[in-house]
Number of protein chains: 2
Amino acid sequence: MQYKYNTMGATKTDSFTDKQNELAILAKALGHPARIAIIEYLLKVDSCICGDIVNELPLAQPTVSQHLKELKNAGIIKGNFEGNSICYCINEPGFEQIKGFFQDITKHLDKKKNDCC
Amino acid sequence: MQYKYNTMGATKTDSFTDKQNELAILAKALGHPARIAIIEYLLKVDSCICGDIVNELPLAQPTVSQHLKELKNAGIIKGNFEGNSICYCINEPGFEQIKGFFQDITKHLDKKKNDCC
DNA sequence: TTAATATATCGTAATATTGCAATATAAATA
DNA sequence: TATTTATATTGCAATATTACGATATATTAA
């Protein structure tokens with residue numbers, strides 16, 4: 001069977017710039033409460049976490065593992081084996097880009113009050 | 001037919017805090033290159049846009065309309081009828097929350113170099 | 001009122017994400 | 001080596017998102 005649209009449903013990544021796609025990937029990685037919770041927990045303990053992230057979240061171990069993988073793929077966290085468990089922490093370079101995006105927005109908004117709407 | 005899991009596939013929103021869910025909604029709204037492009041365009045022209053967003057994006061009009069709706073629902077942009085078209089601009093209060101989140105992270109990271117991983 | 005223009009909604013096809021049980025893998029310890 | 005502990009992967013069921021044609025709606029202009 002032949003369909004009319006061969007890319008239906010998939011994001012048209014090729015139609016956007018690399019920067020736009022990269023920002024979207026970073027934002028998307030933060031677009032789930034479990035992943036926000038993971039980041040918040042990493043900030044709360046203010047050090048690397050070696051193994052207790054699963055116990056902190058209200059989700060099954062495979063699900064948590066999946067969320068950690070997504071944050072890692074997006075460059076937001078990093079993790080390495082540390083003895084019997086894995087040591088996770090925030091990956092600072094990964095934040096620079098998305099931080100810069102929000103700083104740009106803030107700068108623009110401060111400079112000009114464009115709230116005619 | 002009865003299934004084993006009745007919430008399979010859906011995000012377990014109830015298991016997270018309101019703040020976590022709200023942040024996730026904001027980040028998720030920015031998690032698509034078309035929506036990043038819309039924000040960037042609004043910043044670039046540095047004023048309200050009345051009607052030419054569809055022409056700026058490489059997507060069909062209903063798709064753009066859908067993306068605008070998502071940004072609007074998340075509180076990131078606002079838009080009202082202005083003559084024959086709709087005037088869109090960034091909704092500043094919507095940014096305060098997500099901006100604060102990134103500022104918190106930055107503060108933590110500046111305070112303590114937790115890159116043992 | 002009618003035609004033109006701009007935007008939204010509906011319907012639908014396709015891909016993506018979410019979640020977890022079962023299982024595999026990898027490292028530490030007995 | 002065998003067992004335990006921690007994490008990853010696989011497979012699958014279900015929901016969510018993406019995209020666009022067709023169509024509806026709403027405002028302006030003729």
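Every chain is numbered from 1, with letters handed out A, B, ... down the list of sequences.
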Query raised in the report: Going 5' to 3' along nucleotides 3-10 of chain D, which nucleotides have protein heavy atoms under 4.0 Å from the base (write B), which only from the sugar-phosphate (write S), and which from neither (write -)?
Result: --BSBBB-
Requested in this report: Using whole Å, report how far CG of B:Leu57 lies from P of C:dT7.
Outcome: 12 Å
Query raised in the report: With sequence neighbours left out, what residues match B:Lys19 under salt bridge (Lys or Arg N to Asp or Glu O under 4.0 Å)?
Result: A:Glu40
**Report entry** Set of side chain to side chain contact (heavy atoms under 4.5 Å, CB included) partners for A:Ser85, sequence neighbours left out
**Finding:** A:Cys50
Query - Interface residues of residues 16-40 of chain A with DNA chain D (non-hydrogen, below 4.0 angstrom) - result: none
Query raised in the report: Is there a donor-acceptor pair closer than 3.5 Å between any side-chain N or O of A:Asn21 and the backbone N or O of A:Thr13?
Result: yes
Report task. Provide, to the nearest angstrom, the distance between the CG atom belonging to B:Asn73 and the P atom belonging to C:dA8. Result -> 11 Å
Query raised in the report: What residue pairs, at least two apart or across chains, pass salt bridge (charged side-chain N to carboxylate O under 4.0 Å, His left out) with a residue in residues 54-72 of chain A?
Result: A:Arg35-A:Glu70
Query raised in the report: For A:Ser65, which residues count as a side chain to side chain contact (heavy atoms under 4.5 Å, CB included) partner, sequence neighbours excluded?
Result: A:Gln61
Query raised in the report: Do B:Ile86 and B:Leu71 sit in the same hydrophobic cluster, where Ile, Leu, Val, Met, Phe, Trp and Tyr count as joined when their side-chain heavy atoms come under 4.5 Å apart?
Result: yes
Query - Minimal non-hydrogen separation, A:Gly79 against A:Tyr88, with atom names - result: CA-CD2, 3.7 Å
Report summary line: B:Lys12 has its side chain closest, among C:dT15, D:dA19, C:dG19, to C:dG19
Requested in this report: On the 0 to 90° scale, with breaks at 30° and 60°, tag the A:His32-A:His67 ring pair as parallel, tilted or perpendicular.
Outcome: tilted
